[in-house]
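Input: a single structure, listed below in structure tokens.
Just the heavy atoms: all of them, side chains too, but no hydrogens, waters or symmetry mates, feed the values below.
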Amino acid sequence: MRIKELAELTGCTVRTIRFYHQIGLLAVPGRRDGVRDYDLTHLARLARVRWLAEAGIPLATVATMLGEQPGPGRRAEAADAEAVLTDLRAGIAALDEKLEDLREQRDRMARLAAAVEHDGRLCLVPPAVARFYEDMEARADDEKARRVIRRERDFMELAYYRGDIPAESVVLYEGLTEAGLAGSLESFRAIAHRYEGDEPLDDREIERAAAGVVERVTRQLGPDFPRVAGTLDLDVARRAADLYLRLSDPRHRRLDRAIADALLTAIEKGRTP
């Protein structure tokens, strides 16, 4: 048969077959009447190559796995069979990882669809979180506070995107009363004032600022704080704190570290029966 017929029977392209010739995966046939003449041996070999490649096995591994492929009625040597099994199992493990990534991607897309369906927002953070930061920025009457609010909002978007923030943290932003919103705004103003000051903060000021953030969080949750703290994934909470510090301005790192440590300590204490 001619190369076009070989390609048609195996569902690949002439270009692919020629590439397989170049890398030694498929033997180059002899010529008849000046053109390459393929037979059933080439067809069977190409079908095996395509079957393995479409299963996700790299071509270099396909070449090793097929090698001198046993003919009908013959078995591979035990060592060869074990090597093939090793490659196949590695391929299965790689596909399992891809499937998990696809499931996570699907879940993320489903959450985005649900957010748009709920209130028309396409945002990386839950709707309650997005509304909170929009409200805070609209209420802020000075640029310093708005900068702090935007910085925290941007951090939250990145943390949610990376999966580095506990999903349960959304309860901090749900059902906030007017007093809770006003208290949050005052907290942002206080942090902005400390960030923008010309003099470095002393230890007492840093401790007071961190305590203020913890007080805001615990006040927002009220009696629900122990329950929420008990459901938080501490490893994810620590990842969020590490990311927060990693992105911190060096000038503010002492304050940011104190805030992160104070929040983690409060969560751990809140989990204690």
Side-chain angles (χ1 to χ4, degrees), residues 107-108 110-196 209-233 236-249 252 255-256 258-260 262-264 266-267 270:
D107 290 345
R108 186 179 302 168
R111 289 194 296 270
L112 289 174
V116 173
E117 184 178 7
H118 182 263
D119 63 358
R121 298 171 186 269
L122 180 60
C123 188
L124 294 176
V125 300
V129 179
R131 284 193 298 270
F132 171 78
Y133 288 106
E134 287 177 3
D135 191 14
M136 289 294 98
E137 189 168 357
R139 290 170 180 245
D141 53 6
D142 64 276
E143 185 57 29
K144 292 179 181 179
R146 283 193 287 269
R147 279 200 297 269
V148 172
I149 292 165
R150 287 194 292 265
R151 177 180 178 274
E152 185 171 302
R153 180 204 61 202
D154 292 344
F155 165 77
M156 294 294 289
E157 287 201 357
L158 176 63
Y160 270 103
Y161 168 73
R162 288 168 51 93
D164 284 346
I165 195 162
E168 299 85 356
S169 64
V170 72
V171 299
L172 291 170
Y173 305 89
E174 294 175 335
L176 281 172
T177 63
E178 183 60 32
L181 292 169
S184 296
L185 183 58
E186 283 306 312
S187 179
F188 282 122
R189 285 172 175 159
I191 292 174
H193 173 73
R194 293 182 173 97
Y195 272 169
E196 299 292 341
V213 174
V214 172
E215 193 275 333
R216 169 169 66 99
V217 171
T218 54
R219 184 179 66 247
Q220 287 175 201
L221 289 176
D224 285 337
F225 180 73
R227 177 185 61 80
V228 174
T231 60
L232 287 175
D233 186 324
V236 179
R238 292 188 184 102
R239 287 209 311 268
D242 290 343
L243 180 64
Y244 183 71
L245 293 173
R246 181 178 176 183
L247 300 175
S248 175
D249 188 317
H252 310 141
L255 175 59
D256 289 341
I259 292 172
L263 284 172
L264 287 174
I267 292 170

Please name all residues satisfying side chain to side chain donor-acceptor pair (under 3.5 Å) with Y173, sequence neighbours left out, ordered by chain then number.
Y133
Who are the side chain to side chain donor-acceptor pair (under 3.5 Å) partners of T218, not counting sequence neighbours?
none
Does the side chain of V129 come within less than 4.5 Å of R153's, by heavy atoms?
no
Using a 4.5 Å cut-off on heavy atoms from C-beta on, say whether the side chain of I259 contacts that of L263.
yes
I'd like to check the ring-ring contact (aromatic ring centres under 6.0 Å, His included) partners of F188; sequence neighbours left out, ordered by chain and number.
none
How would you list, by chain and number, every residue that makes a ring-ring contact (aromatic ring centres under 6.0 Å, His included) with Y160, sequence neighbours excluded?
none
List the atom of [X], the atom of [Y], and the distance in Å for their closest heavy-atom pair.
X	Y	answer
A240	I165	CB-CA, 4.3 Å
A159	L243	CA-CD2, 4.0 Å
A258	A210	O-CB, 3.6 Å
A229	I267	CB-O, 3.7 Å

Once side-chain contact (heavy atoms from CB on, under 4.5 Å) is applied, do any residues pair with [X], and if so which ones, sequence neighbours excluded?
X	answer
V171	E174, L221, V228
R146	E137, A140, E143, R150
D141	R189
D242	none

Sorted by chain and residue number, the salt bridge (charged side-chain N to carboxylate O under 4.0 Å, His left out) partners of D135 (sequence neighbours excluded) come out as R139
Partner set under salt bridge (charged side-chain N to carboxylate O under 4.0 Å, His left out) for R162, not counting sequence neighbours:
D164
With sequence neighbours left out, which residue pairs that include part of residues 139-159 fulfil the ring-ring contact (aromatic ring centres under 6.0 Å, His included) condition?
F155-Y244
So that I can tick it off, tell me whether R246 and D256 are bridged by a salt bridge, with the cut-off set at under 4.0 angstrom between side-chain N and carboxylate O.
no
If you measure from [atom1] on [X] to [atom2] on [Y], what distance do you get to the nearest 0.5 Å?
X	Y	atom1	atom2	result
L158	L247	CG	CG	6.0 Å
L264	R238	CG	CZ	7.0 Å
E152	S187	CD	OG	8.0 Å
I149	K144	CD1	NZ	14.0 Å

Tell me whether S184 contacts the main-chain N or O of G180 through its side chain, where contact means a donor paired with an acceptor under 3.5 Å.
yes
